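Because the structure is a prediction, the values reported are computed rather than measured. Any value given below was found using the heavy atoms of this structure, including those in side chains, with hydrogens, waters and symmetry copies removed. Per chain, numbering begins at 1; letters A, B, ... match sequence-line order.
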There are 2 protein chains.
Amino acid sequence: MERYDIENPLLNFRKTLEQIIPLNDSEWQMISQRFNPMEVPKRTQLTKEGQIATSIYFINKGILRIFYTKEDVEITGFIFSEGLFASCYESFLLQTKSNQTLETLEDCALLAIDHSSLQTLYKEVPALHIIARVVAEQRFINGQRILSSHLLDSPEERYHQFSNQYPGLLQRVPQHIIASYLGITPVSLSRIRKRISRK
Amino acid sequence: MERYDIENPLLNFRKTLEQIIPLNDSEWQMISQRFNPMEVPKRTQLTKEGQIATSIYFINKGILRIFYTKEDVEITGFIFSEGLFASCYESFLLQTKSNQTLETLEDCALLAIDHSSLQTLYKEVPALHIIARVVAEQRFINGQRILSSHLLDSPEERYHQFSNQYPGLLQRVPQHIIASYLGITPVSLSRIRKRISRK
DNA sequence: GTAATTTCTTTACAATTGTTAATGCCTTTT
DNA sequence: AAAAGGCATTAACAATTGTAAAGAAATTAC
């Protein structure tokens with residue numbers, strides 16, 4: 001996660017893609033031309049609930065989250081960090097209204113591509129279908145692991161796994177956001193942390 | 001879900017694929033040659049925990065589930081019905097040991113393809129990358145909807161949604177399996193059903 | 001058709017979480 | 001520097017779920 005050289009955004013991006021499949025210079029040229037670098041301040045909402053997700057964002061620096069709103073409470077569905085593609089994925093793929101908001105949690109350096117540009121790029125660079133397939137598969141695997149943790153583990157176990165797996169996020173993300181991501185209230189997370197600290 | 005004509009397994013399969021992208025006869029020939037029809041009795045385990053998933057299975061008839069085992073209790077992660085690809089997907093994609101078991105819940109008619117045949121088929125029919133991408137995306141979307149339901153809804157609401165969305169499964173799947181799929185115990189589901197019936 | 005097994009329901013009790021509200025801490029604003 | 005706002009902690013209580021065990025109902029097996 002920390003292996004990304006923040007100073008060379010396009011280099012990082014190419015490295016990430018080439019972990020999936022090698023790209024020749026012509027392919028890389030077409031890809032890099034269609035992704036737009038952007039700097040976004042903390043707490044910016046890139047896609048809002050009720051809107052259609054225009055773009056997906058490769059993360060060079062920073063973290064983002066998606067959250068749902070239920071009775072004016074924000075419930076975090078996922079936290080994205082460096083090297084991932086952040087998006088309201090369902091909305092982007094289906095081009096339908098999103099039921100989630102995509103928000104930066106820190107100042108971010110991103111590479112953005114909108115939906116129609118991506119469709120064009122698929123035609124220009126067929127290998128991108130493979131990359132997109134693998135990215136979709138990886139996101140599925142990720143989602144399934146989280147879901148299985150909700151089925152198999154207690155909130156306390158889930159917190160344990162989270163802090164082992166993403167020790168960095170524990171520092172960078174407010175606890176009430178982590179709590180909702182784990183499927184519990186901030187109060188309950190605080191109790192769990194107290195319980196653990198007594199051991 | 002019930003729109004599949006059970007008597008024409010290959011026809012159903014082609015229809016499903018062509019909802020994603022049209023296939024010419026040569027492509028279809030290569031695809032259909034590599035998928036093997038098989039009939040499997042109820043309660044057969046196609047992939048077992050600890051093994052590597054050799055194949056994925058298109059479902060012409062019947063239902064299957066994946067389940068995890070925790071302290072000798074089986075916890076259902078997903079229920080597959082007609083028209084879907086059933087698999088221990090993570091294990092199949094990564095060719096690593098599965099932490100879940102794939103099991104038929106009824107006598108099933110399936111079309112199977114193993115991992116190496118699929119890799120060959122990707123080369124023979126590049127359009128399959130698109131199909132695989134869309135299948136992965138759909139499975140991700142599905143998984144994310146389930147996860148969001150765990151974050152946002154109570155078990156009772158989850159049961160409601162399940163019975164509205166899959167009224168057929170309510171009849172065909174034992175309740176203790178549905179309970180674990182919803183993330184609760186059979187006892188708790190029984191209480192929820194009683195609570196609902198009083199309304 | 002009867003026995004055996006599995007599944008579902010019910011009960012009582014323990015444990016955990018949600019809810020609400022109050023307090024203290026920390027960061028940000030002005 | 002003071003004020004304001006957001007965040008984390010703690011407490012008390014209500015509600016829900018998990019656990020364990022027993023009995024009823026339904027399926028499966030012989």
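Atom NZ of K42(B) sits about 10.0 Å away from atom CD of E103(B), to the nearest 0.5 Å.
A salt bridge does not link E82(B) with K61(B): every distance from a Lys NZ or Arg NE/NH1/NH2 to an Asp or Glu carboxylate oxygen is 4.0 Å or more.
Across the protein-nucleic acid pair, K42(A) atom NZ and dG6(D) atom P stand 14 Å apart, rounded to whole Å. dG5(D) atom P lies 17 Å from atom CZ of R43(A), rounded to whole Å. For R193(A) and dT10(D), the CZ to C1' distance is 14 Å, given to the nearest whole Å.
Within a heavy-atom distance below 4.0 Å of DNA chain C, no residue of residues 62-74 of chain A is found.
Using bins of under 30°, 30° to 60° and over 60° for the plane-to-plane angle, the ring pair F13(B)/F85(B) lands in the perpendicular bin.
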Tell me which donor-acceptor pairs under 3.5 Å the side chains of residues 45-58 of chain A have, and how far apart each pair is, sequence neighbours excluded?
from	atom 1	to	atom 2	distance (Å)
E49(A)	OE1	T69(A)	OG1	2.8
Q51(A)	OE1	K48(A)	N	3.3

Tell me which donor-acceptor pairs under 3.5 Å the side chains of residues 179-189 of chain B have, and how far apart each pair is, sequence neighbours excluded?
from	atom 1	to	atom 2	distance (Å)
S180(B)	OG	T76(B)	N	2.9
S180(B)	OG	T76(B)	OG1	3.3
S180(B)	OG	I177(B)	O	3.1
T185(B)	OG1	S188(B)	N	3.2

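By the salt bridge (charged side-chain N to carboxylate O under 4.0 Å, His left out) test, R158(A) is found to be paired with no residue, residues two or more places apart in sequence or in another chain being considered. Under the side chain to side chain donor-acceptor pair (under 3.5 Å) criterion, S149(A) pairs with D153(A), not counting sequence neighbours. Residues passing the side chain to side chain donor-acceptor pair (under 3.5 Å) test with E18(A), sequence neighbours excluded: R14(A). Partners of F92(B) under the ring pair (Phe, Tyr, Trp, His ring centres under 6.0 Å) rule, at least two apart in sequence or in another chain, are H115(B). Here F78(B) pairs with F80(B) under the ring pair (Phe, Tyr, Trp, His ring centres under 6.0 Å) rule; sequence neighbours left out. Applying the side chain to side chain donor-acceptor pair (under 3.5 Å) rule to E74(A) yields the partners R65(A); only residues at least two apart in sequence or on another chain are considered.
Taking the 5' to 3' direction, DNA chain C first and last meets chain B under 4.0 angstrom from a heavy atom at dT7(C) to dA12(C).
Five base pairs at each end of the helix from dG1(C)-dC30(D) to dT30(C)-dA1(D) define two local axes, and these are offset by 50° (rounded to 10°).
When side chains are defined from C-beta on, Q161(B) does not count as touching R145(B), because their heavy atoms never get closer than 4.5 Å.
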Check your understanding: Base, backbone or nothing for each nucleotide of nucleotides 17-22 of chain D, written B, S, -, heavy atoms under 4.0 angstrom, 5' to 3'?
Key -> SBBB--
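A cation-pi contact links R133(B) to Y122(A), judged by a cut-off of 6.0 Å to the six-membered ring centre and 45° from its axis.
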